[in-house]
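See below for the structure under consideration.
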Amino acid sequence: TLWNEGQAQGQKAMAYFSIICTIFSLVIYFFLRTWEKVNIHSIGLTCCAVGLAIMYNGFYPLYPAGWLIHLPVVSQILLGIAWCTILSMPFAILADHMPREKIGLYMGLFNWTIVIPEIIASLTFGYVLKNYLDDNISLAVGIGGVSFLVALLILQTIRTEKHSVA
């Protein structure tokens with residue numbers, strides 16, 4: 001049935017997401033030897049924006065025959081790369097700009113800037129989706145993609161020195 005096919009494709013896409021995220025988490029160390037942290041995170045944010053754009057457009061038959069079935073996998077591969085950088089690079093970038101003796105305090109405060117908006121979003125998203133986005137989940141995904149592009153632009157204002165990773 002169509003339901004079973006969709007479920008199988010979703011499981012396949014999430015498997016790709018998990019595998020790619022794990023692999024990229026293991027090899028990101030080698031990228032840090034030659035690239036700046038901001039550049040690595042820029043790649044991750046770009047992957048996220050493109051992955052969400054594919055998901056946004058993936059609900060419609062805008063792609064050539066045969067491609068539509070692969071788009072969830074392509075999207076999840078890009079999101080797997082993005083997730084790896086999202087979980088690590090902001091903290092690594094911040095660590096370069098704070099005094100070592102207060103790193104625990106600053107990392108905890110920085111974590112609040114992530115967690116508090118997540119809590120607010122989880123408590124209010126249903127209301128926003130219903131009252132402002134007309135229950136259009138695809139539009140919410142598109143807004144998420146644009147938000148990652150805005151984050152990418154803001155990230156470009158941060159300058160770090162390339163540090164050698166031992």
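Computed from a predicted structure; not experimentally measured. Side chains included, hydrogens not; waters and symmetry mates left out as well; all remaining heavy atoms used. Nothing fancy with the numbering, it's 1 onward along the sequence.
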Indicate if [X] and [Y] have the same hydrophobic cluster label, given that clusters are the connected sets of ILVMFWY residues with side-chain heavy-atom separations under 4.5 angstrom.
{"X": "Ile137", "Y": "Ile143", "answer": "yes"}
{"X": "Ile86", "Y": "Ile154", "answer": "no"}
{"X": "Met14", "Y": "Leu87", "answer": "yes"}
{"X": "Ile114", "Y": "Met98", "answer": "yes"}
{"X": "Ile103", "Y": "Phe110", "answer": "yes"}

Side chains of [X] and [Y]: does their closest heavy-atom pair fall under 4.5 Å?
{"X": "Ile19", "Y": "Ile77", "answer": "no"}
{"X": "Pro117", "Y": "Thr113", "answer": "no"}
{"X": "Pro90", "Y": "Leu94", "answer": "no"}
{"X": "Ile43", "Y": "Trp35", "answer": "yes"}
{"X": "Met55", "Y": "Gln76", "answer": "yes"}

Heavy-atom pair of closest approach, residues [X] and [Y]:
{"X": "Ile81", "Y": "Cys47", "answer": "CG2-SG, 3.9 Å"}
{"X": "Gly144", "Y": "Leu52", "answer": "C-CD1, 3.6 Å"}
{"X": "Ser25", "Y": "Cys21", "answer": "OG-O, 2.7 Å"}
{"X": "Ile20", "Y": "Gly80", "answer": "CG2-C, 4.2 Å"}
{"X": "Ala95", "Y": "Met107", "answer": "CB-CE, 3.6 Å"}

Practice task
Decide side chain to side chain contact (heavy atoms under 4.5 Å, CB included) for Leu155 and Ile93; before the verdict, give the C-alpha distance in whole Å, the side-chain angles of both, and the deciding distance to 0.1 Å.
Solution key: CA-CA 10 Å; Leu155 179 66; Ile93 292 167; 4.1 Å; yes
Atom pair [atom1] ([X]) and [atom2] ([Y]), whose distance is rounded to the nearest 0.5 Å:
{"X": "Ser122", "Y": "Glu118", "atom1": "OG", "atom2": "CD", "answer": "8.5 Å"}
{"X": "Phe31", "Y": "Cys84", "atom1": "CZ", "atom2": "SG", "answer": "9.5 Å"}
{"X": "Ile158", "Y": "His97", "atom1": "CD1", "atom2": "NE2", "answer": "6.5 Å"}

Exercise for the section: May I have the step-by-step check of side chain to side chain contact (heavy atoms under 4.5 Å, CB included) for Asn111 and Phe91, ending in yes or no? Expected result: CA-CA 9 Å; Asn111 200 42; Phe91 292 97; 3.7 Å; yes
Residues two or more places apart in sequence or in another chain: which of them pass ring pair (Phe, Tyr, Trp, His ring centres under 6.0 Å) with [X]?
{"X": "Tyr106", "value": "none"}
{"X": "Phe125", "value": "none"}
{"X": "Phe148", "value": "none"}

Practice task
Tell me, please, which residues at least two apart from Thr85 pass side chain to side chain contact (heavy atoms under 4.5 Å, CB included).
Solution key: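 Expected list: Phe24, Ile28, Ile40, His41, Met89.
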Handout entry: Partner set under side-chain hydrogen bond (donor to acceptor under 3.5 Å, both in side chains) for Ser42, not counting sequence neighbours
Key =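 In terms of side-chain hydrogen bond (donor to acceptor under 3.5 Å, both in side chains), with neighbours along the sequence ignored, Ser42 is linked to Gln156.
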Exercise for the section: Name the orientation class of the two ring planes belonging to Tyr127 and Tyr132 (parallel below 30°, tilted from 30 to 60°, perpendicular beyond 60°). Expected result: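 Judged by the thresholds at 30° and 60°, the geometry between Tyr127 and Tyr132 is perpendicular.
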Exercise for the section: Show which residues join Leu123 in its hydrophobic cluster (side-chain heavy-atom contacts under 4.5 Å, direct or indirect), or state none. Expected result: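 The other cluster members (ILVMFWY side chains, heavy atoms under 4.5 Å, direct or chained) are Val115, Ile119.
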Practice task
Apply the side-chain contact (heavy atoms from CB on, under 4.5 Å) test between Cys48 and each candidate in Leu79, Leu78, Leu152; give the one that qualifies.
Solution key: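 The single option meeting the side-chain contact (heavy atoms from CB on, under 4.5 Å) with Cys48 is Leu79.
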Exercise for the section: May I ask you to decide if Ser138's main-chain N or O and Asn136's side chain share a donor-acceptor pair within less than 3.5 Å? Expected result: yes
